[in-house]
Amino acid sequence: MDAIFEGLTDAQTKAVRHVDGPMLILAGPGSGKTRVVTHRIANMLAHGIPAWQIAALTFTNKAADEMRTRVDTLAPNQPVWMGTFHRFCAQHLRRLAPMVGLSENYSIYDTSDSKQAMKRAIEAAGVSTTHASPDQIAATISHAKNRLTSPEMMEGQALRPREAIAARVYPVYQQQLLTANAVDFDDLLLHIARLLRENPEVRAELDARHKYILVDEYQDTNLAQYAIVRALSIDCPNLAVTGDPDQSIYGWRGADLNNILDFEKDYPSVTTVRLEKNYRSTPNILRVADQLIRHNTQRKQKDLFTDNPEGDAVVLRFYDDGYQEADEIASEIAAAIMGQSMRPSDFAVFYRMNAMTRSLEHALRSHSLPYQIVNGLEFYQRREIKDLLAYLHLINNPSHDVALTRVINVPTRGIGAKTISRLRAFADSEGIPMLAAARRANEIDGLAKRSASMVAKFVRLYDHLQIKATAPLEDLLRYLVEETAYEAYLEKTAVEQQDTSPMANVDELITAAVEFDRQHPEDGSLDAFLEQVALVADTDAFENENDRITLMTLHAAKGLEFPRVFIIGVEDDMLPHSRSKSSQLEVEEERRLLFVGITRAKEQLQLSCCKRRAMRGDVRPVIPSPFLNELPLTEMSRVESSPKQDWFDDEMDQSYPDSWDLPDENDSQVRETIGQSSGVDEDSEYNQEVERDQMPGAKSAAASNVGSGSRLQSGLQTAAELMARKSTPLSVYREGTQVRHVEYGEGTIVDVSGRGPKRIARVKFEEEEHSFRLAFAAEDLEVVD
DNA sequence: CGTCGCGATGTTTTT
DNA sequence: CATCGCGACG
């Protein structure tokens with residue numbers, strides 16, 4: 001009990017002590033919100049509330065994991081439900097599926113699946129895409145779903161041209177999803193919200209089941225989520241929400257700021273707690289944040305204050321272009337690691353668009369700095385992974401038409417586009433799934449005999465695979481790879497990608513499956529595995545365990561903190577993004593986005609802006625972000641782009657070793673190290689704590705994300721080590737150089753081509769020749785003196 | 001039916 | 001600039 005209340009402020013204590021009835025916690029950035037929430041849960045448990053009556057809803061798995069870990073240290077092994085809204089709905093829908101016309105083995109379409117489905121629906125609806133692209137139609141429908149608007153309702157009201165078009169597709173799309181026994185992300189919420197509204201027994205049951213509900217980041221809830229939470233808090237109005245209107249950045253996804261602004265009206269008996277004291281940032285940083293956010297009208301006035309020491313002035317820096325920006329930030333980080341014994345994980349770089357990582361990656365590599373990109377072209381998007389997952393989806397749900405379309409001719413088995421479209425047409429006309437149509441291939445007019453027999457052959461393969469449907473995942477996957485001769489197919493079609501070998505990814509997936517089997521010994525169903533996979537977000541791959549510099553979008557940064565933060569591209573059309581300037585409301589959201597970024601920083605913060613920036617090919621001049629004028633510029637440290645040596649302060653300058661300077665000859669001095677498979681030595685305790693809901697593959701996926709596919713050893717601890725690592729510059733690999741490879745023995749470099757990270761050496765060994773991408777393989781390729 | 005190459009096209013944020 | 005989609009060829 002003591003541990004629960006120890007060291008809390010009055011406001012925090014009030015929140016933690018609260019048990020019954022509605023509560024609103026307005027928590028400014030860095031105000032110890034997670035602490036309050038987790039201690040509050042512990043306090044409830046200590047008061048004898050059964051853990052299973054408590055549900056904590058978050059927006060990301062990452063947030064849920066964090067919460068679980070921290071609750072676990074206070075109250076170990078309590079089955080408090082913690083997870084995302086989507087997972088919450090997915091699990092209830094599993095059971096309630098028949099009530100909405102689905103079976104409990106329904107599939108969750110990811111974004112690209114829905115996109116496919118959407119195209120098909122557009123075609124079936126006979127809608128022209130000249131006035132609205134499939135993406136726009138999808139976005140419009142998604143928006144409608146988030147507002148709990150059904151196809152019928154939409155027909156009645158739709159007025160704007162784009163909505164009118166979407167309204168014609170919507171019912172068709174929805175019907176096709178039903179036929180495919182599938183839902184998209186929005187449906188997870190929509191189905192549950194509607195069930196709760198239309199079915200009093202279900203509502204009452206779930207309300208009683210989840211007596212205590214906590215919602216994190218409440219400012220990001222959309223109408224569907226609002227309705228769900230509301231419906232679950234009627235008989236048992238023990239709803240505690242936390243949030244900060246100033247950190248609402250998901251309006252584009254349907255989040256409604258009024259949910260939090262009006263919470264006190266919705267629940268008149270509410271207890272409101274304001275957490276305004278900031279434990280994270282320096283006063284300098286807070287003042288900048290505060291000045292900025294004051295320019296918003298849609299907010300609740302909040303006074304942020306802190307006892308932290310003043311710290312350094314916030315830097316506003318101008319660079320000539322994106323390359324200089326990236327390069328100097330990398331240099332600065334390198335110098336800080338060297339001279340001030342900072343660690344790579346102390347740094348983060350935020351940006352508005354994912355596209356901005358390119359130059360950063362290059363610069364960080366040039367400086368041998370380890371980094372991780374949160375997002376990237378993730379593991380689950382890779383072709384080979386999508387193929388295998390599609391097979392699994394189809395095995396789990398024979399109606400999964402998107403999956404069928406993907407795999408019916410993978411590996412190629414003579415079923416072409418024409419056959420597929422005939423199948424689809426037949427399926428549409430009969431209102432049946434495509435696999436069912438495939439079983440009746442001989443009934444389809446105009447289908448060539450040969451095609452029909454190919455299709456029949458596929459059906460036989462499918463039935464064959466089906467035998468293993470309930471086997472352990474590992475067996476199923478191996479069997480699948482074997483029976484489809486997938487490896488041979490990969491080898492045949494592999495486009496010598498220099499990054500990672502596709503087969504290694506397949507192994508990675510199998511590893512994930514093994515892990516899942518291990519963690520779900522009894523209920524390890526295919527269902528659960530696929531659900532897990534569908535609901536992992538890119539941001540969940542973020543691991544602060546690794547000592548790496550973090551690169552992420554401003555959106556992904558929410559909820560995190562770093563000692564030193566760089567926000568790049570604070571430029572007009574970039575930070576208020578060009579597509580978010582049409583309305584005042586959107587601009588305010590962009591301002592909040594910058595606010596979120598600023599308030600992630602604990603000690604040092606730099607905002608930067610380029611004079612010109614290369615975008616889609618050509619360089620164009622840049623106008624600084626109008627937000628910059630809203631900052632307390634006089635107390636900030638403004639640095640114009642200038643010759644390199646001037647911008648370090650003295651202290652740093654001395655510690656900046658010559659040898660750290662930029663590579664002498666061209667920029668080939670790119671080094672990376674290939675680690676042993678990461679995850680092996682992961683802290684096992686941590687794993688156990690989070691293992692219940694954590695996607696086992698996520699960790700490995702994160703690893704393969706790093707450095708564009710190569711895996712960085714994470715144990716990069718000290719600056720000394722960093723220095724040691726760059727002792728073999730790539731320039732020693734020249735034509736004629738004698739090398740020794742761990743596997744192939746001694747050989748001679750016969751050719752070197754490409755530059756930078758793409759530099760490739762062709763090496764002649766005794767019997768064979770191999771090419772190595774030096775940036776990745778140098779570790780294995782030892783120079784013989 | 002499959003593959004290759006060209007041209008066009010469109011670029012935010014994510015469960 | 002990079003990916004995607006489509007068209008023409010083998």
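Residue numbers start from 1 in every chain, and the chains themselves are labelled A, B, ... in the order their sequence lines are given, proteins ahead of strands. Values in this document were obtained by computation on a predicted structure and should not be read as measured data.
- Using a cutoff of 4.0 Å between basic side-chain nitrogens and carboxylate oxygens, A:K33 and A:E217 are scored as salt-bridged.
- Under the 3.5 Å distance criterion, with hydrogens and angles disregarded, a donor-acceptor pair is assigned to the side chains of A:S112 and A:D110.
- A:Y489 places its OH atom 10 Å from the P atom of B:dG2, with the value rounded to the nearest Å.
- A residue-by-residue look at A:A417 and A:E586 shows that A:A417 has its nearest nucleotide of DNA chain B further toward the 5' end.
- Rounded to whole Å, the distance from OH on A:Y351 to C1' on B:dT14 is 14 Å.
- When distances run from any side-chain atom of A:F185 to the nucleotides B:dT13, B:dT3, B:dT15, the shortest one goes to B:dT15.
- Contact check, A:N354 against B:dT13: a side-chain N or O comes under 4.0 Å of OP1 or OP2.
- Across all strands shown, A:I415 has heavy atoms under 4.0 Å from sugar-phosphate atoms exclusively, and none from any base.
- Under 4.0 angstrom from either OP1 or OP2 of B:dT14 there lies no side-chain N or O belonging to A:T60.
- Within the structure, a side-chain polar atom (N or O) of A:N409 is placed less than 4.0 Å from OP1 or OP2 of B:dG2.
- Heavy atoms of A:D110 sit nowhere under 4.0 angstrom from any nucleic acid atom.
- Spacing between atom CZ of A:R358 and atom P of C:dT3 amounts to 7 Å, rounded to whole angstrom units.
- Rounded to an integer number of Å, the gap from A:Q91 CD to B:dT15 P is 17 Å.
- Closest approach to the A:T412 side chain among B:dT14, B:dT13, B:dG2 is made by B:dG2 (side chain taken as heavy atoms from C-beta onward).
- Between the CG atom of A:L189 and the C1' atom of B:dT14 there is a distance of 13 Å, given to the nearest Å.
- For the pair A:K145 and B:dT15, the criterion of a side-chain N or O lying under 4.0 Å from OP1 or OP2 is not met.
- Counting to the nearest Å, the P atom of B:dT14 and the CG atom of A:L593 are 10 Å from each other.
- Between A:H555 and A:W252, the ring-plane angle classifies as perpendicular under the 30° and 60° cut-offs.
- Rounded to whole Å, the distance from CD on A:Q136 to P on B:dG10 is 9 Å.
- Put simply, CD on A:E589 and CD1 on A:I249 are 7.5 Å apart, with the number rounded to the nearest 0.5 Å.
- Comparing C:dG5, B:dT15, B:dT13 by their nearest atom to the side chain of A:M353 picks out B:dT13.
- Checking B:dC1, C:dG5, B:dT13 against every side-chain atom of A:H555, the shortest atom distance belongs to B:dT13.
- The NZ atom of A:K418 sits 13 Å away from the P atom of B:dG2 (whole-angstrom rounding).
- Nearest heavy-atom pair, A:R600 versus A:P29, reported as atom, atom and distance to 0.1 Å: NH2-CB, 3.7 Å.
- When the side-chain nitrogen and oxygen atoms of A:T111 are compared with OP1 and OP2 of B:dT15, none of them lie within a distance under 4.0 Å.
- Across A:A227 and A:L148, no two heavy atoms sit closer than the pair CB-CD1, 3.7 Å.
- Closest to the side chain of A:S451, from the set B:dT15, B:dT13, B:dC1, is B:dC1.
- Note on A:T419: only backbone sugar-phosphate atoms sit closer than 4.0 angstrom, heavy atoms only; bases stay farther off.
- Residue A:K558 is out of contact with every strand shown, counting any heavy-atom pair closer than 4.0 Å.
- When the nearest nucleotides of DNA chain B are assigned to A:D135 and A:Y250 by heavy-atom distance, the more 5′-ward of the two goes with A:D135.
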